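Input: a single structure, listed below in structure tokens.
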Number of protein chains: 2
Amino acid sequence: MNEKVDTKARILDAAEKLFGERGFESTSLRDITAEAQVNLAAVNYHFQSKDSLIDAVVARRIEPINRLRLGMLDAAGPNPTLEQILRAFLLPVLELKRDAVMPLLGRTLSDPHQFVEKVYKKHLLAISERIHRELAKALPGLPVAELRWRLYFAAGVMTYILSWSKVLPDISGGLCDPSDRQALIDRVIDFLAAGFRAPVNEPAFERVLLEKEG
Amino acid sequence: MNEKVDTKARILDAAEKLFGERGFESTSLRDITAEAQVNLAAVNYHFQSKDSLIDAVVARRIEPINRLRLGMLDAAGPNPTLEQILRAFLLPVLELKRDAVMPLLGRTLSDPHQFVEKVYKKHLLAISERIHRELAKALPGLPVAELRWRLYFAAGVMTYILSWSKVLPDISGGLCDPSDRQALIDRVIDFLAAGFRAPVNEPAFERVLLEKEG
DNA sequence: TTCTCATTCATACGTTCGATTAAATCATAC
DNA sequence: GTATGATTTAATCGAACGTATGAATGAGAA
């Protein structure tokens with residue numbers, strides 16, 4: 001059990017930073033080992049491949065987030081309100097302290113790389129099922145297809161925030177500053193809650209059902 | 001002015017398809033020329049580089065969309081409603097006939113590649129300014145920072161739909177089918193309009209202002 | 001000390017990438 | 001029919017990629 005204090009952790013940190021900044025595919029192992037100031041071969045020694053490294057980098061951040069989400073849902077009792085559910089879904093990712101994590105998760109949720117898509121499904125499918133069940137209880141009048149769509153819209157809002165958090169102050173002329181995490185979370189929840197509670201456009205909804213059957 | 005009927009167009013079509021499916025970075029020029037059944041060097045002959053090809057592929061689809069958006073806004077008169085503005089923003093991209101275009105635009109709006117980011121800004125900054133102005137008129141009571149955030153949320157919903165339209169029926173168990181474009185557009189507009197009209201969480205908003213001044 | 005084994009290191013392999021070249025090919029104008 | 005200029009072709013370039021190798025290194029057990 002030898003080890004130059006924390007080579008493995010340094011690789012994870014450097015990979016997290018660069019994956020978030022440049023994306024998974026655009027970041028080479030040489031970029032990562034240079035940033036971490038370790039030898040190139042250390043990556044394939046501690047992890048087995050670049051894909052496994054991606055998996056480890058993502059899992060290190062997503063799993064605590066999902067535990068926190070489940071904890072918040074459990075703490076909210078058997079029938080959480082819409083706002084409580086949305087908060088459990090959003091707060092653990094929008095409150096992240098480390099600057100590098102939000103861009104990393106943004107890439108994870110939007111990268112075309114097919115391996116990343118597998119990681120996404122592996123870590124996020126279960127939690128989205130739970131969220132969906134809770135939402136169905138909190139919004140009993142909402143058709144299930146409509147609910148799916150709206151949860152999907154909410155995931156889009158979250159992903160976009162994660163992806164662009166770094167450059168948002170620039171392109172918004174300073175109007176949008178994600179650094180006040182609590183204000184941002186309240187803002188998103190208010191916006192999404194209103195969307196979830198919007199009346200259902202019945203004609204459109206029935207047209208879909210009819211086309212499905214025909 | 002010679003030309004084997006449409007080498008240039010075949011490259012554009014193949015690139016559009018593969019860029020959308022695999023992303024810009026993961027798609028090599030050899031993939032594209034194989035799909036288009038043209039010689040590898042044809043790409044650097046008709047376009048100058050891969051980056052220029054990306055620009056051409058994206059511009060070919062985005063520019064007509066933006067013209068349509070501006071046309072819809074102009075046709076709605078001097079004071080369009082919130083729903084009219086959202087429809088002008090969303091319909092031209094969500095109604096697209098060619099299956100390959102939506103994934104392509106999804107990549108364009110979420111790819112980490114810095115050149116793609118430049119393309120995005122080049123083609124979408126002007127239209128988003130116009131949308132922002134119209135929204136400010138339609139929602140006079142909404143603070144400008146709040147409006148920016150909500151427009152940003154709306155862009156997130158649109159981007160997510162574009163990015164995942166291909167796989168959405170699978171992962172939703174058939175509940176979400178983007179093929180009925182009109183129903184989808186109505187759905188998104190209802191959802192977003194409710195979000196835009198949500199009451200502003202004043203305490204959170206004022207906290208941001210205070211922190212900005214202090 | 002000496003042995004052991006986990007770790008680090010410099011180096012290289014085979015592949016694929018975007019880009020380039022010069023020759024071959026083709027359509028049109030004269 | 002021949003000259004001209006646009007286009008296509010096969011072949012190759014140097015660079016960068018992920019991965020692998022075998023020799024050095026270093027700490028702890030004997």
Side-chain angles (χ1 to χ4, degrees), chain A residues 1-58 104 107-108 111-119, chain B residues 1-58 104 107-108 111-119:
Chain A
M1 182 90 69
N2 236 341
E3 196 166 347
K4 198 184 106 190
V5 277
D6 49 4
T7 300
K8 209 168 168 177
R10 292 165 64 111
I11 293 173
L12 281 174
D13 289 341
E16 174 174 285
K17 173 168 180 265
L18 297 181
F19 283 154
E21 286 175 3
R22 313 177 193 175
F24 297 101
E25 189 117 2
S26 305
T27 303
S28 70
L29 296 185
R30 287 167 177 83
D31 292 336
I32 294 170
T33 54
E35 170 83 19
Q37 292 183 280
V38 301
N39 189 274
L40 170 61
V43 174
N44 286 289
Y45 175 76
H46 287 285
F47 310 87
Q48 293 74 20
S49 63
K50 185 178 180 181
D51 279 358
S52 296
L53 173 64
I54 293 176
D55 194 15
V57 168
V58 173
L104 171 77
R107 303 297 181 212
T108 307
D111 197 291
H113 195 296
Q114 61 170 0
F115 177 79
V116 180
E117 195 178 318
K118 270 164 58 182
V119 172
Chain B
M1 183 89 69
N2 237 338
E3 196 167 345
K4 197 185 106 188
V5 280
D6 50 4
T7 300
K8 210 168 167 178
R10 293 164 63 118
I11 293 173
L12 282 174
D13 288 341
E16 173 175 286
K17 172 167 181 267
L18 297 181
F19 283 154
E21 285 175 4
R22 314 177 192 175
F24 297 101
E25 189 118 3
S26 305
T27 303
S28 69
L29 297 184
R30 286 167 177 82
D31 293 335
I32 294 170
T33 54
E35 170 82 20
Q37 292 183 279
V38 301
N39 188 274
L40 169 62
V43 174
N44 287 289
Y45 176 75
H46 287 285
F47 310 87
Q48 292 75 21
S49 63
K50 184 179 180 180
D51 280 357
S52 296
L53 173 64
I54 293 176
D55 194 16
V57 168
V58 172
L104 171 78
R107 303 296 180 212
T108 306
D111 197 292
H113 196 295
Q114 61 171 1
F115 176 79
V116 180
E117 196 178 317
K118 269 163 59 183
V119 172

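Naming convention: chains lettered A, B, ... in sequence-line order (proteins, then strands); numbering from 1 in each chain. On a predicted model such as this, the values are computed, not experimentally measured, just so you know.
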Check this one for me: any side-chain N or O of [X] less than 4.0 Å away from OP1 or OP2 of [N]?
X       : N      : answer
B/Thr7  : D/dT7  : no
A/Asn39 : C/dA10 : yes
B/His46 : D/dA6  : no

Starting from [atom2] on [N], measure out to [atom1] on [X] and report it in whole angstrom.
X       : N      : atom1 : atom2 : value
A/Asp6  : C/dT7  : CG    : C1'   : 13 Å
A/Phe19 : D/dG18 : CZ    : C1'   : 12 Å
A/Ile11 : C/dC9  : CD1   : P     : 10 Å
B/Tyr45 : D/dT8  : OH    : P     : 7 Å
A/Ile32 : D/dC17 : CD1   : C1'   : 12 Å

Just the table, please: protein N/O against nucleotides 17-19 of chain C N/O, every pair under 3.5 Å.
residue	atom	partner	partner atom	Å
C/dC17	OP1	B/Ser28	OG	3.4
C/dG18	OP1	B/Lys50	NZ	2.8
C/dG18	OP2	B/Leu29	N	2.9
C/dG18	N7	B/Arg30	NH1	2.8
C/dG18	N7	B/Arg30	NH2	3.4
C/dG18	O6	B/Arg30	NH2	2.8
C/dA19	OP2	B/Lys50	N	2.9

Next item on the list: Taking atom types as modelled, find out whether B/Ser28 and B/Asp31 have a side-chain donor-acceptor pair closer than 3.5 angstrom.
Entry: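 Yes, B/Asp31 and B/Ser28 have a side-chain donor paired with an acceptor closer than 3.5 Å.
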Next item on the list: With sequence neighbours left out, write down each residue that passes side chain to side chain contact (heavy atoms under 4.5 Å, CB included) with A/Leu40, or none if nothing qualifies.
Entry: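 Partners of A/Leu40 by the side chain to side chain contact (heavy atoms under 4.5 Å, CB included) criterion, ordered by chain and then number, come out as A/Leu29, A/Arg30, A/Thr33.
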Notebook entry, point to check: Does A/Ala56 have any side chain to side chain contact (heavy atoms under 4.5 Å, CB included) partners at least two apart in sequence or in another chain, and if so, which?
Noted result: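 For A/Ala56, the residues satisfying side chain to side chain contact (heavy atoms under 4.5 Å, CB included) (neighbours in sequence not counted) are A/Leu12, A/Phe47.
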Check: A/Arg22 side chain to A/Thr27 main-chain N or O, any donor-acceptor pair under 3.5 Å?
Finding: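 A pair under 3.5 Å: no.
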Next item on the list: Return yes if some donor-acceptor pair links the side-chain N/O of A/Ser52 with the main-chain N/O of A/Gln48 below 3.5 Å, else return no.
Entry: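 Judged by distance alone, no pair lies under 3.5 Å.
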Check: Do you know which two heavy atoms are closest between A/Lys17 and A/Glu35, and how far apart they sit?
Finding: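 Heavy-atom minimum between the residues: NZ-OE2, 3.2 Å.
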Next item on the list: Give one of base, sugar-phosphate or nothing for B/Ala41, where a contact means two heavy atoms less than 4.0 Å apart.
Entry: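 The answer is base, as B/Ala41 lies within the cut-off (heavy atoms under 4.0 Å) of a base atom.
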